Amino acid sequence: AQKIADRIVSASKHTVEEMWRHGVIDRFDPRDDGHAATQYERWFNVSQQYDVEYANRYEPWVIVDRLTAPWHDARFRGYGQNKIVHLEHMNATGFRLVVHPSAWLVHRKHHLAPAKLQHVRDNIRQEEDAAAAAAAEARGGGGGGASGRHSTLRGHSNGLGNEIRAQLANGTYRTGVDTATRACAHWLPWWQQSHWQWQAQAQGQRLEGFLGERF
């Protein structure tokens, strides 16, 4: 897998398409519809950029102006939801998503990070808790099983993500930034406008972000 990834990095777009057609590679997260928004079949046949619409769970890699793009929320830790929520925020702010016709990224196989492994364990635990709660309810003993859900890494990420989505929907969301970032925004001469002012100015404008294909 690593050799294939290394080959694709320096290959032509035509070679990438051939490997796609023969099932050697696939798009990112093929079991989810979110990344279908990129329109991969279209991408193989274009030489000009094109616009796409945001879709649920869409998290492409983007090139954006750092002075207008919203920050990643610093309250996310380890793994889960941070990039998805960031793209949701960009979409809510009014960014225009434009696909680059000749750029792509390749996922190179690597060992799972400790945070990812913990996320997987948390998911298994949550499924076990849900099954136990369902069994208890069927016996007439009440549901239960939900305690400590938000104390896990996965529970924290999902809970924070849902909280942010609700705030995006009603227009009250403000990105959680760390102390160092807040100080930089206040003191550095090229950050004279606060992050919240940038967001306010961006509302209603069609800002642009380039997307690279991801395999």
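For the numbers below, each heavy atom of this structure counts, side chains included, while hydrogens, waters and symmetry mates do not. Model, not experiment: these values are computed from the prediction.
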Measuring from atom [atom1] of [X] to atom [atom2] of [Y], what distance do you get when rounded to the nearest 0.5 angstrom?
X	Y	atom1	atom2	value
L168	E163	CG	CD	11.0 Å
W43	W104	CH2	CH2	5.5 Å
I8	I25	CD1	CD1	4.0 Å
F28	L105	CZ	CG	11.0 Å
R77	L160	CZ	CG	10.5 Å
Q39	N45	CD	CG	12.0 Å

Is there a side chain to side chain contact (heavy atoms under 4.5 Å, CB included) between Y58 and V52 once you walk through the steps?
CA-CA 11 Å; Y58 193 33; V52 294; 4.0 Å; yes
Examine [X] and [Y] and state if one hydrophobic cluster contains both, with Ile, Leu, Val, Met, Phe, Trp and Tyr joined whenever side-chain heavy atoms are less than 4.5 Å apart.
X	Y	result
L153	L117	no
V99	V106	yes
I84	W71	no

Taking the side chain as everything from C-beta on, heavy atoms only, tell me whether [X] gets closer than 4.5 Å to [Y].
X	Y	value
R75	I164	yes
H89	P70	yes
N56	D33	no
Q118	Y79	no
L87	P60	yes
H86	E59	no
M90	V64	yes

Heavy-atom neighbours of R121 CZ exceed 12 at 6.0 Å:
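More than 12 within 6.0 Å, yes.
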I'd like to know whether CD of Q2 has more than 12 heavy-atom contacts from other residues, nucleotides or ligands below 6.0 angstrom.
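It does: Q2 CD has more than 12 such atoms within range.
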Could you walk me through whether H22 and E18 satisfy the side-chain hydrogen bond (donor to acceptor under 3.5 Å, both in side chains) test, starting with their C-alpha distance in whole Å, then the side-chain angles of each, then the deciding distance to 0.1 Å, before giving a yes or no?
CA-CA 6 Å; H22 288 87; E18 286 188 330; over 6 Å; no
Is the shortest side-chain N to carboxylate O distance from E41 to R27 below 4.0 Å?
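Not counted as a salt bridge, because no side-chain N and carboxylate O are separated by less than 4.0 Å.
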Decide, yes or no, whether a salt bridge links R21 with E17 under the criterion of side-chain N to carboxylate O below 4.0 Å.
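Between E17 and R21 there is a salt bridge, with a charged N closer than 4.0 Å to a carboxylate O.
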Scan side-chain atoms only and decide if D73 and Y173 contain a donor-acceptor pair under the 3.5 Å cut-off.
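Yes.
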When you measure from the side chain of K13 to the backbone of A103, do you find a donor-acceptor pair of N or O atoms at a distance under 3.5 Å?
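It does not hold such a pair.
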Output, in order, the C-alpha distance, side-chain angles, deciding distance and verdict of side chain to side chain contact (heavy atoms under 4.5 Å, CB included) for E53 and L97.
CA-CA 7 Å; E53 296 295 326; L97 300 178; over 6 Å; no
Taking side-chain hydrogen bond (donor to acceptor under 3.5 Å, both in side chains) as the criterion, tell me which of H156, R165, R154 meets it with Q81.
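For Q81, the side-chain hydrogen bond (donor to acceptor under 3.5 Å, both in side chains) check succeeds only for R165.
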I need the minimum non-hydrogen distance between [X] and [Y], along with the two atoms involved.
X	Y	result
Y50	R42	CB-NH2, 3.2 Å
D6	R108	OD1-NE, 2.8 Å
T152	G155	OG1-N, 2.8 Å

